[in-house]
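Encoded as structure tokens, the structure appears first; notes follow it.
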Amino acid sequence: MKPFFFKSLACLALFMPLQMLAQRHLQDTTFQLRDVVISTTRIPEVKQNAAASVTIIGHQQLEAVSKVAPDMSTLLGLLAPGMALSSNTTSSRSQTLRGRSALVLIDGIPQSTPLRSTDRDIRTIDVAAIDHIEIVKGSTALYGNGAIGGLINIITKKNSSAETLAGQTAIAGSTYNFFSQSKGQGYRLSQQLYGKLHNFDYLVSGTFGRTGSSIDGDGQFISPRYGLGDTYTSNALVTLGYQLSPKNRLELMYNFYRSLQDTPLIPQGGKYLISPAIGIIGNRDPQAVDEGTRYNHNGYLKFTSKQIFAHTDLEASVFGSSLYTIFDFRRANPTQPRWEETSGQSAIKDRKLGLRAQFNTRLVFSEQAFTHILYGYDYLFNKTAQPLVDGRYWMPWLTSNTHAPFIQTKTTLFQWLNVKIGARYDAINVHVPDYQVLRNRLSDPLIDVKGGHLNYNNLSFNAGLSFNKYRAFQPFVAYSQGFSIFDLGRTLRAAKADVLAHIATEPVKTNNYELGVYSVPCSWLKLNASFFYTYAKLGSDLKIDHGFWVVNRSPQKVYGMELEADAQILPNLKAGANFSWFEGKLKSNGTSWNQYMSNVSIPAAKFSLYAQYQPIKHTYLQLQYLHTGKRHRFSPDASGNYAEGEGIVNRINLLNFTAGVDVKQWNFALGVSNLLNYTYYTPSSMLMARNAEYAHADGRNITFTATFKY
């Protein structure tokens, strides 16, 4: 106990006056030092025991930040260390997690579409339907294909009330820079009902909102291309539960999400490094339809049983999803011809049906030694296509079947040493029909590809060790493997060979090494740090080829660190900070790490700081500061032009403000994003180096929300 004693003594000596004040009223604050249990690791466990770097975005934090940033991609970019900032568009292509793609889940249902990526998987649910978010960082195969950067599991709301009928109603209005533009106003309406009647519980939630036209800090309309302005969003969530017996429960969840853009603006101008693309009032092309996600259906039926047999719990579920998302309209031109030299608008349709069954057995050898053994089977049927709205197919319907048995063990020794070992075997069969490559120019050769089957068989291991004897020093070390068939359709739609076997479709396999530590040196202070290295023999970085993104298969390595701190400084004052930095290299010549990974994968360093103050009871004021560094790794060509994905990313400084007050059953909140009305280019627009996408971010936006709970 001596190391813990001396660390605590040092902490007390430095901050004893503040600590004594904080301890008096700690129960009155929202700052939580108690252990947080996570489920995304498939074995429910305290996150410090998970031998992994885990970020939990809790319900209260979500509610507070959503008053400023209700968009999911914006919210995650602000709150999750290791995650790139939002592009301020519907696309999350450059919003990587630790430099690689993440597998996004809603209650364990995959939202990512590996047969053809939508780059929309983060924006598949409204924040009003979310209870909390669990982010497990680093390559993993816990849920199979796709998580080479980590897992983002979005947990939907469920009833937690003992009342027969309870609920809340919320209404919000927003405007840019205090009504300085007539088209900048938006609104949100949300209604929730929940309760419990005998063994039956329920939650029903509905949300509808519309944003105004996006306006930058200079008062100009932002280009609507892939824009979040003038979008209307609908979300409906239904969760029903029935307690069959004290040990057995049946649960049903369904969520519907829609987000479409209907704007009076058309894009104009834009010159990289000179002037931004803006929006002007105009008529869009009559061939164009509303861009966005027409629908995203998700649902599951789950059965859980405690002690189904000796020392064993069962969880079994069937789930499904259906997605249809439409991209922006592209007009062909002589310098960049599109599909057979015609204009058009592409879309992605995706269907999933899955089965998941797992047993969790506890073996108790003594008070000092016990083991959890998780074992089971996952099945996933997936069908995806990329048609054009006019009926032509850019990518044909691909169909995959995945069978995956797995086992995960966690052994605890002396009640403070945890050893984790696990493995998963994925057998994926993808059926590709005969198809014809959609040409850019009619003069290009016509390629008819003979279809067939692609088989992927992957065995992934993970191992970890965590030491939790002292709360002031809880280190862990971990090794995990991940794999991804990574946007197979992007490769197939650009095929140069007419035989499937001659097209490079090998999966990306990653090996992730991590060293980290969680620490609670004082009762009012939490710290954690992690350092990681990930290697892939075949990479997943994107590069541009004749106007279209293709996969760069050169070997990759990504390495970096994340640091976090949270402190209850005074009874009514808490603060926190996080910092993340990482770098990525390619071995393009086959012998040395001679090239940086593109800015599409590797963002600039990010630092975030917040402080929350409660001047009087039932009120709060919060400031959040965000800084990103500069990333300038590439040189222009002889004409002074940067390759797409290799543009200069300059520094950004942002300040957001939130205030709230509770008055009986009412809560009133004011959120101000970009408080100083700072004019800046989004990181994605800088790195893309495309004239049409070189756009400013939002200027000052003010949102007022009133919530009534009953």
Side-chain angles (χ1 to χ4, degrees), residues 39-40 57 62 71-77 80 83-84 86-87 90-93 95-97 100-137 140-157 233-237 253-259 292-300 302 317-327 347-356 378 380-386 398 400 402 482 484-489:
S39 60
T40 302
I57 303 176
L62 274 175
D71 177 71
M72 278 295 297
S73 57
T74 303
L75 188 148
L76 285 172
M83 192 158 195
S86 165
S87 64
T90 56
S91 174
S92 57
R93 178 183 299 156
Q95 196 168 15
T96 58
L97 181 60
R100 302 183 188 275
S101 61
L103 177 59
V104 181
L105 310 166
I106 294 178
D107 289 335
I109 303 172
Q111 303 304 295
S112 303
T113 54
L115 297 179
R116 176 63 185 97
S117 176
T118 63
D119 296 321
R120 306 291 188 273
D121 41 5
I122 294 175
R123 299 189 73 254
T124 51
I125 189 172
D126 190 86
V127 66
I130 300 172
D131 181 77
H132 67 281
I133 302 172
E134 299 178 357
I135 304 172
V136 180
K137 287 169 278 188
T140 178
L142 283 170
Y143 290 84
N145 168 38
I148 54 176
L151 291 165
I152 301 173
N153 194 13
I154 298 168
I155 313 297
T156 59
K157 289 181 176 178
T233 300
S234 304
N235 197 99
L237 170 69
M253 184 279 288
Y254 167 73
N255 192 81
F256 168 80
Y257 175 79
R258 170 182 288 160
S259 181
T293 299
R294 288 281 180 92
Y295 57 77
N296 184 36
H297 302 278
N298 283 275
Y300 69 73
K302 181 189 299 182
S317 62
V318 291
F319 61 85
S321 68
S322 180
L323 171 74
Y324 180 31
T325 189
I326 301 174
F327 300 99
I348 288 179
K349 295 182 177 181
D350 181 80
R351 311 283 185 269
K352 294 187 183 75
L353 182 64
L355 168 69
R356 185 172 293 141
D378 290 349
L380 181 65
F381 170 81
N382 192 189
K383 188 175 182 180
T384 311
Q386 186 172 17
L398 307 181
S400 71
T402 302
S484 175
I485 59 177
F486 191 74
D487 206 352
L488 179 63

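Side chains are part of it too, since the values below use all heavy atoms of this structure and drop only hydrogens, waters and symmetry mates.
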Can you find a pair of side-chain heavy atoms, one from [X] and one from [Y], that are under 4.5 Å apart?
{"X": "Pro110", "Y": "Phe319", "value": "yes"}
{"X": "Ile154", "Y": "Met72", "value": "yes"}
{"X": "Ile57", "Y": "Leu76", "value": "yes"}
{"X": "Thr156", "Y": "Ile125", "value": "yes"}

**Q.** Listed partners of Arg116 passing salt bridge (charged side-chain N to carboxylate O under 4.0 Å, His left out), at least two apart
**A.** Asp487
Q) With Asp119, which residues qualify under salt bridge (charged side-chain N to carboxylate O under 4.0 Å, His left out), at least two apart? A) Arg93, Arg490
Keeping [X] on the side-chain end and [Y] on the backbone end, is there a donor-acceptor pair under 3.5 Å?
{"X": "Ser73", "Y": "Ile122", "result": "no"}
{"X": "Gln95", "Y": "Ala84", "result": "yes"}
{"X": "Glu134", "Y": "Ile155", "result": "no"}
{"X": "Gln111", "Y": "Ile109", "result": "yes"}
{"X": "Tyr143", "Y": "Thr40", "result": "yes"}

Looking at [X] and [Y], what are the two nearest heavy atoms and their distance?
{"X": "Ser321", "Y": "Asn298", "result": "CB-OD1, 3.3 Å"}
{"X": "Ser117", "Y": "Ile348", "result": "O-CD1, 3.3 Å"}
{"X": "Pro114", "Y": "Ile485", "result": "CB-CG1, 4.0 Å"}
{"X": "Leu237", "Y": "Ala129", "result": "CD2-O, 3.6 Å"}

Q: Sequence neighbours left out, what passes ring-ring contact (aromatic ring centres under 6.0 Å, His included) with Tyr324? Give chain and number order.
A: Tyr295
Gap separating the [atom1] atom of [X] from the [atom2] atom of [Y], nearest 0.5 angstrom:
{"X": "Ser317", "Y": "Met253", "atom1": "OG", "atom2": "CE", "value": "10.0 Å"}
{"X": "Ser259", "Y": "Asn296", "atom1": "OG", "atom2": "CG", "value": "11.0 Å"}
{"X": "Ile326", "Y": "Lys349", "atom1": "CD1", "atom2": "NZ", "value": "8.5 Å"}
{"X": "Leu323", "Y": "Lys352", "atom1": "CG", "atom2": "NZ", "value": "7.0 Å"}

Taking only residues two or more places apart in sequence, or in another chain, which ones meet [X] in a side chain to side chain donor-acceptor pair (under 3.5 Å)?
{"X": "Arg258", "result": "none"}
{"X": "Thr74", "result": "Asp71"}
{"X": "Thr293", "result": "Thr325"}
{"X": "Asp378", "result": "Arg42, Arg424"}

Return the set of residues passing side-chain contact (heavy atoms from CB on, under 4.5 Å) with [X] (not counting sequence neighbours), or none when no residue passes.
{"X": "Ser400", "answer": "Leu115, Asn382, Ile428, Val430"}
{"X": "Thr90", "answer": "Arg120, Arg123, Tyr226, Leu228, Glu291"}
{"X": "Ala128", "answer": "Asp126, Arg188, Ser190, Thr207"}
{"X": "Ala102", "answer": "Leu97, Ile152"}

Q: Sequence neighbours left out, what pairs pass salt bridge (Lys or Arg N to Asp or Glu O under 4.0 Å) with at least one residue falling in residues 148-157?
A: none
Q. Any idea how Phe256 and His297 line up, ring-wise: parallel (<30°), tilted (30 to 60°), or perpendicular (>60°)?
A. tilted
Q | Candidates Thr118, Asp350, Asn145, Asp121 - the one meeting side chain to side chain donor-acceptor pair (under 3.5 Å) with Ser112 | A | Asp121
